[in-house]
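Worksheet for the structure shown next.
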Amino acid sequence: MVEPRIAVAVVTMGNRPAEVDALLESVAKQDLAPARIVIVGNGCRLPEFAHRLSLPGEVTTIDVEENLGCPGGRNVALARLREFGDVDVVVELDDDGLLVDPDVLRRVRDLYAADPRLGIVGFRIADERGETQQRHVPRIGKSDPLRGGYVTGFLGGGHALRMDMLAETGDWPAEFFFAHEETDLAWRAADAGWKILYAPELLLQHPKTSPARHAIYYRVNARNRVWLVRRRLPLPLVPVHLGVWTLLTLARTRSTAGLNAWFGGFAEGLREQAGERRPMRWRTVWRLTRLGRPPVI
């Protein structure tokens with residue numbers, strides 16, 4: 001069994017210095033030290049971390065002049081890791097998360113060592129009281145957050161990606177900036193035959209939040225949903241998916257301003273270029289459906 005080399009990547013906008021310090025200290029306490037830690041300042045200048053926090057492995061900080069969004073910032077970290085060429089798996093963590101258990105990286109290494117076709121591992125996200133929001137469980141409907149297994153998606157807050165998989169599927173869709181970038185990557189991975197595992201024993205503690213806290217949420221959520229299906233779904237499924245999601249949005253959204261922004265983003269998604277169209281194969285649609293998440297809902 002070949003043991004993969006693990007890196008940790010964190011993207012921050014510089015507005016959570018205490019939380020970033022706490023996260024990196026929790027990485028330093030892992031019983032398996034990462035080979036590399038890459039921290040990206042997304043439109044900000046980063047302080048010195050390595051000596052101040054006694055971080056293990058090789059620590060690289062990268063200051064980016066403008067905020068590239070979450071997927072764009074992660075691509076900066078991936079590009080640097082690819083230049084180093086000595087990492088097999090990257091663990092990407094939200095800058096306000098925390099690794100409570102000391103064996104997370106070791107468990108990640110063992111999961112990837114046991115299965116060469118394992119592409120993505122999703123962590124369980126829970127708040128300080130140990131509660132997991134239902135939207136953080138990568139299954140439809142009300143599902144036990146402690147039930148692991150193979151799934152069709154993962155959470156951006158805490159996950160691991162195999163570098164060989166990314167070499168085949170491509171990196172994050174940077175143009176999305178925020179929202180649905182995980183689904184785009186997951187669908188590409190599934191279509192290429194890589195497995196996606198939800199491993200609830202891998203815990204990332206994260207404050208309880210709502211995605212609507214972001215000012216751009218409704219607009220980019222709608223725009224990116226349209227881009228996602230235009231890029232990745234077989235043509236007959238595009239209107240079905242968008243129709244279902246429009247009805248769900250109308251039923252769930254109570255804010256008139258939110259609905260107006262959503263429909264504005266929807267129109268933007270239809271009007272603007274969605275990027276390369278590379279729809280998944282029908283056998284992938286069937287596989288995702290068998291795993292409990294048909295790509296039309």
Quick check: is [Y] connected to [X] through a chain of hydrophobic side chains (ILVMFWY, heavy atoms under 4.5 Å apart)?
X	Y	answer
I140	Y150	no
I6	L161	no
M163	L93	no
V76	F176	no

Is there a side-chain contact between [X] and [Y], using heavy atoms and a 4.5 Å cut-off?
X	Y	result
L237	V229	no
H206	D96	yes
F49	V20	yes
V27	L55	no
N15	M13	yes
P71	E175	no
R109	V89	no
Q134	V137	yes

Do side-chain atoms of [X] reach the backbone of [Y] as a donor and acceptor pair under 3.5 angstrom?
X	Y	value
R254	A251	yes
H241	P295	yes
R223	G265	no
R277	R230	yes
N221	W262	no
Y218	S255	no
E48	A50	yes

Report the C-alpha separation of R124 and L146 in whole Å, then their side-chain angles, then the decisive distance to 0.1 Å, and conclude whether the side-chain contact (heavy atoms from CB on, under 4.5 Å) test is met. CA-CA 8 Å; R124 178 167 61 95; L146 296 178; 3.5 Å; yes
Identify which one of D94, D95, L23, D21 satisfies the side chain to side chain contact (heavy atoms under 4.5 Å, CB included) criterion when paired with R16.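 Going through D94, D95, L23, D21 one by one, the side chain to side chain contact (heavy atoms under 4.5 Å, CB included) with R16 is satisfied by D95 alone.
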Could you grab the distance from atom [atom1] of [X] to atom [atom2] of [Y], nearest 0.5 Å is fine?
X	Y	atom1	atom2	value
R225	L228	CZ	CG	6.0 Å
D63	T61	CG	OG1	6.0 Å
L81	I37	CG	CD1	11.0 Å

Which pair of non-hydrogen atoms, one from [X] and one from [Y], has the smallest distance, and what is that distance?
X	Y	result
Y198	F123	CE1-O, 3.6 Å
N42	N67	ND2-OD1, 3.1 Å
A179	N224	O-ND2, 2.8 Å

Verdict with reasoning, H180 to W245, per ring pair (Phe, Tyr, Trp, His ring centres under 6.0 Å): CA-CA 13 Å; H180 301 306; W245 272 97; 7.0 Å; no
Do [X]'s NZ or CZ and the ring of [Y] fall within the cation-pi criteria of under 6.0 Å and 45°?
X	Y	answer
R117	W194	yes
R232	W187	no
R36	F84	yes

For R82, enumerate each residue passing the salt bridge (charged side-chain N to carboxylate O under 4.0 Å, His left out) test, keeping only those at least two apart in sequence or located in another chain.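 If we apply the salt bridge (charged side-chain N to carboxylate O under 4.0 Å, His left out) test to R82, skipping adjacent residues, the hits are D171.
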For residues 97-107, which side-chain donor-acceptor pairs fall under 3.5 Å, sequence neighbours excluded?
{"residue": "D103", "atom": "OD2", "partner": "R107", "partner atom": "NE", "Å": "2.9"}
{"residue": "R106", "atom": "NE", "partner": "D31", "partner atom": "OD1", "Å": "3.3"}
{"residue": "R106", "atom": "NE", "partner": "D31", "partner atom": "OD2", "Å": "3.2"}
{"residue": "R106", "atom": "NH2", "partner": "D31", "partner atom": "OD2", "Å": "3.2"}

